[in-house]
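Below is one structure, written out as structure tokens, with a few remarks after it.
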Amino acid sequence: ISKTGEDYHTIGQGLTIEGAGIASPYMFDVDKTSGAYAQHAKMVNAQVIVSREKITTGAAFEQTFSSLNAKGKKEVVIFCEDFEVQAVAHLVMTYQRQGFRAVLVKLPTIYGDVWAEDLAKAAGATIIDPANGLALKDMSLEHVGQFGNLTITKGDTFVDGIQDLKEHIEYVKSLEDEDRVKRLNTKTARYFVGALSDAALSYRRLKVEDAINAAQQALLGGIVVGGGLALANIKTGNKILDKALKAPYEQIVKNMGKTFFEKDMEEQEVFDPANVVVNAAKNAISVSAAILTANTVIVYPRFMQPQNESPQ
């Protein structure tokens with residue numbers, strides 16, 4: 001959220017770690033409205049611990065957590081290669097009792113050792129590894145790093161705001177590992193939404209999120225002409241289906257009060273992500289199939305009915 005009321009964006013450097021998922025859904029964010037767990041954990045300026053030692057209990061972190069808490073740092077993410085279930089329970093209970101949030105992330109099985117090294121460099125942390133003479137019980141604040149922003153899901157982790165990796169990238173280049181170099185050269189963008197009121201901010205934020213999601217889908221599956229024309233131009237040979245595919249375009253024409261053509265949409269640069277159009281058609285077909293199977297449909301009128309009247 002922008003602090004100025006104006007929109008702006010920043011470009012930075014980050015990492016995307018595919019396969020590095022959260023250890024427990026109880027570590028996800030909690031929705032303030034519904035009280036339900038979200039499908040992600042978002043952390044800002046979180047402290048970072050990278051461990052190659054198997055985590056068997058959360059008690060190993062108590063001294064470090066206490067020191068971080070004393071400095072007002074109440075969020076930490078722990079990247080590890082392996083852990084035991086009781087350690088997860090201990091970390092979750094620590095958060096619930098003391099308000100200190102610890103999120104455990106398991107690194108991918110493949111190239112887990114490589115990710116540990118890259119993450120430690122990106123966070124400015126020291127890898128906890130008994131093989132190198134540093135165990136969890138000997139860990140101190142000097143071994144802890146920090147990331148600017150983290151988004152952790154069930155299967156992946158996204159990092160923004162990392163240390164300068166130029167020297168580390170040069171070292172990796174000397175190993176002739178091109179895939180690893182590409183991962184370390186990832187750029188990130190952050191868009192800050194501004195508004196003059198909470199209501200306007202909420203509305204604009206949803207619009208920006210929709211635009212970002214649409215752009216991501218466009219990158220994955222390409223684009224098609226917008227305004228419902230992509231579906232309207234499809235000819236299946238089935239009259240009912242062809243009529244249904246034209247319905248979105250006809251409704252838009254009705255709303256606009258004028259007819260438009262594919263050339264008009266292209267000139268105005270009105271496009272839709274192909275994946276979104278395909279999924280919309282699939283969902284509509286699925287609903288239609290359900291109605292035909294049930295042979296029943298409940299229709300709610302467009303305008304509000306008196307409470308004593310049942311839907312028709």
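Source: prediction; values computed, not measured.
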Residue pair A20 / L107: nearest heavy atoms and the distance that separates them: CB-CA, 4.5 Å
Nearest heavy atoms of F28 and A41, plus distance in Å: CD2-N, 3.8 Å
Residues that Q146 engages under side chain to side chain donor-acceptor pair (under 3.5 Å), provided they are two or more places apart: Q47
Backbone N/O of F261 and side chain of D264: donor-acceptor pair under 3.5 Å: yes
Nearest-0.5 Å distance, CD of residue E209 to CZ of residue R205: 6.0 Å
Aromatic plane relationship, Y191 with H9 - under 30° parallel, 30 to 60° tilted, over 60° perpendicular: parallel
Stepwise side-chain contact (heavy atoms from CB on, under 4.5 Å) check, K121 with L165: CA-CA 7 Å; K121 292 291 185 180; L165 294 178; 4.0 Å; yes
Pairwise distance NZ(K137) to CD(E53) - rounded to 0.5 angstrom: 8.5 Å
same_hphob_cluster(Y26, V88) at 4.5 Å side-chain heavy-atom cutoff: yes
Note, L104 side chain near M27 side chain (heavy atom, < 4.5 Å): yes
Pairwise side-chain contact, K74 with N69, heavy-atom cut-off 4.5 Å (strictly under): yes
Test item: I152 and V77 side chains (from C-beta on) under 4.5 Å apart, heavy atoms: yes
Parallel, tilted or perpendicular: rings of F192 and Y8 (30°, 60°): parallel
side-chain contact (heavy atoms from CB on, under 4.5 Å) between T259 and Y249, worked out: CA-CA 9 Å; T259 303; Y249 167 74; 3.3 Å; yes
Joint cluster assignment, L206 & V193, ILVMFWY side-chain distance < 4.5 Å: no
Closest non-hydrogen atom pair, F83 against A23: CZ-CB, 3.7 Å
Backbone of G194 reached by a side-chain donor or acceptor of D7 within 3.5 Å: yes
Inter-residue atom distance N279.CG - S286.OG, 0.5 Å rounding: 11.5 Å
F147 and its side-chain contact (heavy atoms from CB on, under 4.5 Å) partner, picked from V44, N45, D160, L119: L119
Donor-acceptor contact below 3.5 Å, side chain D29 vs main chain K42: yes
Contact check, side chains of P108 and I17, non-hydrogen atoms, under 4.5 Å: yes
Test side-chain contact (heavy atoms from CB on, under 4.5 Å) applied to T153 and I22, step by step: CA-CA 6 Å; T153 67; I22 203 161; over 6 Å; no
Hydrophobic cluster membership, Y37 vs V105, 4.5 Å side-chain cutoff: yes
Candidate pair T64 and L68, rule side-chain contact (heavy atoms from CB on, under 4.5 Å), full reasoning: CA-CA 6 Å; T64 303; L68 289 172; 4.2 Å; yes
Partners meeting salt bridge (charged side-chain N to carboxylate O under 4.0 Å, His left out) with E262 (sequence neighbours left out): none
Heavy-atom side-chain contact between H90 and F61 under 4.5 Å: no
E84 vs K54 side-chain heavy atoms within contact, under 4.5 Å: yes
Side-chain donor or acceptor of N132 paired with backbone N/O of L134 under 3.5 Å: no
Note, D82 side chain near K106 side chain (heavy atom, < 4.5 Å): yes
Within 6.0 angstrom of I11 CD1, more than 12 heavy atoms from elsewhere: yes
Path from V278 to L229 over hydrophobic side-chain contacts below 4.5 Å: no
Crowding at CG, N283 (>12 non-hydrogen neighbours, <6.0 Å): yes
hydrophobic_cluster_shared for V287 and V277, side chain cutoff 4.5 Å: no
Flag if over 12 foreign heavy atoms under 6.0 Å of CD, E266: yes
Side chains of H40 and D156 in contact at under 4.5 Å (non-hydrogen atoms): no
Residue pair P273 / A214: nearest heavy atoms and the distance that separates them: CG-O, 3.4 Å
Cationic N near anionic O, under 4.0 Å, K173 to E170: yes
Short side-chain to backbone donor-acceptor contact, S288 and A284, under 3.5 Å: yes
Interatomic distance, L150 atom CG to F158 atom CZ [nearest 0.5 angstrom]: 11.5 Å
Minimum-distance pair of heavy atoms, taken over all atoms of Q13 and T186: CG-O, 3.4 Å
D198 backbone acceptor or donor facing S202 side chain under 3.5 Å: no
Minimum-distance pair of heavy atoms, taken over all atoms of P248 and L231: CG-CD1, 4.4 Å
Euclidean distance, S197 OG relative to R204 CZ, rounded to 0.5 Å: 10.5 Å
CG (L220) with more than 12 external heavy atoms under 6.0 Å: yes
Nearest-0.5 Å distance, CG of residue D138 to CG of residue L136: 9.0 Å
Pairs where residues 231-249 contributes a residue and the test salt bridge (Lys or Arg N to Asp or Glu O under 4.0 Å) is met, not counting sequence neighbours: none
Donor-acceptor pair between Q217 and N213 side chains, under 3.5 angstrom: no
